[in-house]
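Below is one structure, written out as structure tokens; comments come after it.
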Amino acid sequence: GHNEDAYAAMMSNPDLSRRKDSLRQFLVTLFDRGQLNQLASYPYTDMIDEVESIIESRARSADLSVNNYYDFLYSFHVGKENFRKAAQVMYECGIRLGHELTNFDGLKKQVEVFLSCINCLYLVNPKYQWLIKPCPSPANSPKRFHDGEAKEEDVERMGMEVVELSKIKKELSLSQARLKLTIMSGSAQGGLPASPGLSEAE
């Protein structure tokens with residue numbers, strides 16, 4: 001099909017900068033068409049890092065209420081059995097949801113992504129069951145630590161905040177409690193406090 005032809009032409013281009021531009025256009029086009037299964041099916045060989053970087057960038061800039069980039073990245077990493085990267089993606093999504101989508105749907109999604117994050121961390125070596133708190137600064141991107149080559153103390157030395165599995169489980173418990181309270185109060189369709197904690201009224 002046309003997608004296969006476009007992929008073959010892109011990967012055979014010897015000009016790296018043009019190949020990256022073509023890759024970005026290729027990913028965006030398939031995303032806009034909703035062809036996510038096909039998007040994930042290509043090997044991308046030596047351009048895997050670029051694929052992740054492009055989609056991560058779009059995930060971070062997109063509206064969470066209509067954003068399926070995080071879900072795609074999660075499936076992409078799980079499909080390659082990189083459960084730590086999948087966990088990091090879900091945790092970042094959960095943190096953003098707590099600040100940006102403060103309604104019932106956002107809270108429900110936050111519970112789901114924290115559960116997915118925790119489940120993925122249970123599939124990695126216990127010594128690597130930790131993540132890096134999402135940081136807005138690109139200079140401190142946690143990307144290079146996802147594959148398990150860095151030690152926890154190395155990350156802390158660089159000024160990044162390590163998030164242990166136990167803390168993520170506590171964040172999940174808090175989200176579940178808030179979701180239950182919201183349902184019980186009958187305000188499932190209303191807004192929620194912007195803070196991840198309790199409101200002044202509570």
Side-chain angles (χ1 to χ4, degrees), residues 1-62 64 66-96 113 116-117 119-125 127-160 162-163:
H2 294 302
N3 291 339
E4 284 72 19
D5 292 341
Y7 177 81
M10 171 181 69
M11 296 305 291
S12 63
N13 192 330
D15 187 322
L16 185 59
S17 64
R18 289 190 177 182
R19 201 182 340 159
K20 287 182 179 179
D21 289 339
S22 298
L23 175 64
R24 183 175 290 103
Q25 187 59 46
F26 182 77
L27 296 176
V28 170
T29 298
L30 264 63
F31 238 108
D32 289 346
R33 291 177 183 168
Q35 296 175 313
L36 303 187
N37 288 335
Q38 189 165 7
L39 187 63
S41 69
Y42 295 105
Y44 298 107
T45 56
D46 59 339
M47 300 194 76
I48 284 286
D49 286 347
E50 282 81 8
V51 170
E52 293 175 14
S53 178
I54 290 167
I55 299 176
E56 282 174 4
S57 177
R58 291 186 71 85
R60 288 167 182 156
S61 62
L64 280 175
V66 294
N67 184 352
N68 62 348
Y69 290 103
Y70 282 111
D71 292 336
F72 172 79
L73 275 171
Y74 169 75
S75 299
F76 186 75
H77 293 316
V78 167
K80 297 185 182 306
E81 297 188 3
N82 196 327
F83 299 112
R84 196 141 176 256
K85 280 188 177 182
Q88 182 74 42
V89 164
M90 288 290 94
Y91 184 65
E92 179 177 314
C93 182
I95 293 298
R96 281 192 61 194
V113 299
S116 296
C117 171
N119 287 339
C120 281
L121 283 180
Y122 275 128
L123 295 173
V124 304
N125 188 313
K127 125 174 122 165
Y128 293 119
Q129 287 180 342
W130 53 271
L131 299 173
I132 298 168
K133 189 166 185 179
C135 173
S137 169
N140 287 341
S141 170
K143 181 177 174 55
R144 57 175 291 201
F145 302 108
H146 290 162
D147 295 313
E149 72 274 18
K151 294 180 180 178
E152 192 171 337
E153 54 268 27
D154 294 335
V155 175
E156 290 175 329
R157 259 201 306 273
M158 293 183 69
M160 301 182 194
V162 169
V163 183

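Just so you know, these numbers come straight off a predicted model, no measurement behind them. Just the heavy atoms: all of them, side chains too, but no hydrogens, waters or symmetry mates, feed the values below.
With sequence neighbours excluded, no residue forms a salt bridge (charged side-chain N to carboxylate O under 4.0 Å, His left out) with Lys80. Residues satisfying the salt bridge (charged side-chain N to carboxylate O under 4.0 Å, His left out) criterion with Asp32, sequence neighbours excluded, are absent altogether. Every residue two or more places apart in sequence or in another chain that forms a side chain to side chain donor-acceptor pair (under 3.5 Å) with Tyr70 is listed here: Glu92, Arg96. For Asn3, the side chain to side chain donor-acceptor pair (under 3.5 Å) partners two or more places apart in sequence, or in a different chain, are Arg33, Gln35, Gln38. The side-chain contact (heavy atoms from CB on, under 4.5 Å) search around Ser57 returns none, not counting sequence neighbours. Scanning for side-chain contact (heavy atoms from CB on, under 4.5 Å) contacts around Ala62 gives Asn67, Tyr69, with sequence neighbours left out. For the salt bridge (charged side-chain N to carboxylate O under 4.0 Å, His left out) test, no residue two or more places apart in sequence or in another chain qualifies with Arg58. The side-chain contact (heavy atoms from CB on, under 4.5 Å) search around Asp5 returns none, not counting sequence neighbours. Scored by the side-chain contact (heavy atoms from CB on, under 4.5 Å) test, Asn119 finds no partners at all (sequence neighbours excluded). Under the side chain to side chain donor-acceptor pair (under 3.5 Å) criterion, Tyr74 pairs with no residue, sequence neighbours left out. By the side chain to side chain donor-acceptor pair (under 3.5 Å) test, Ser12 pairs with no residue at all, sequence neighbours left out. Every residue meeting the ring-ring contact (aromatic ring centres under 6.0 Å, His included) condition with Tyr42, not counting sequence neighbours, appears here in chain and number order: Tyr7, Phe26.
Taking the charged nitrogens against the carboxylate oxygens, Asp46 and Arg19 do have a contact shorter than 4.0 Å, which makes a salt bridge. A salt bridge links Asp21 with Arg24: the distance from a Lys NZ or Arg NE/NH1/NH2 to an Asp or Glu carboxylate oxygen falls below 4.0 Å.
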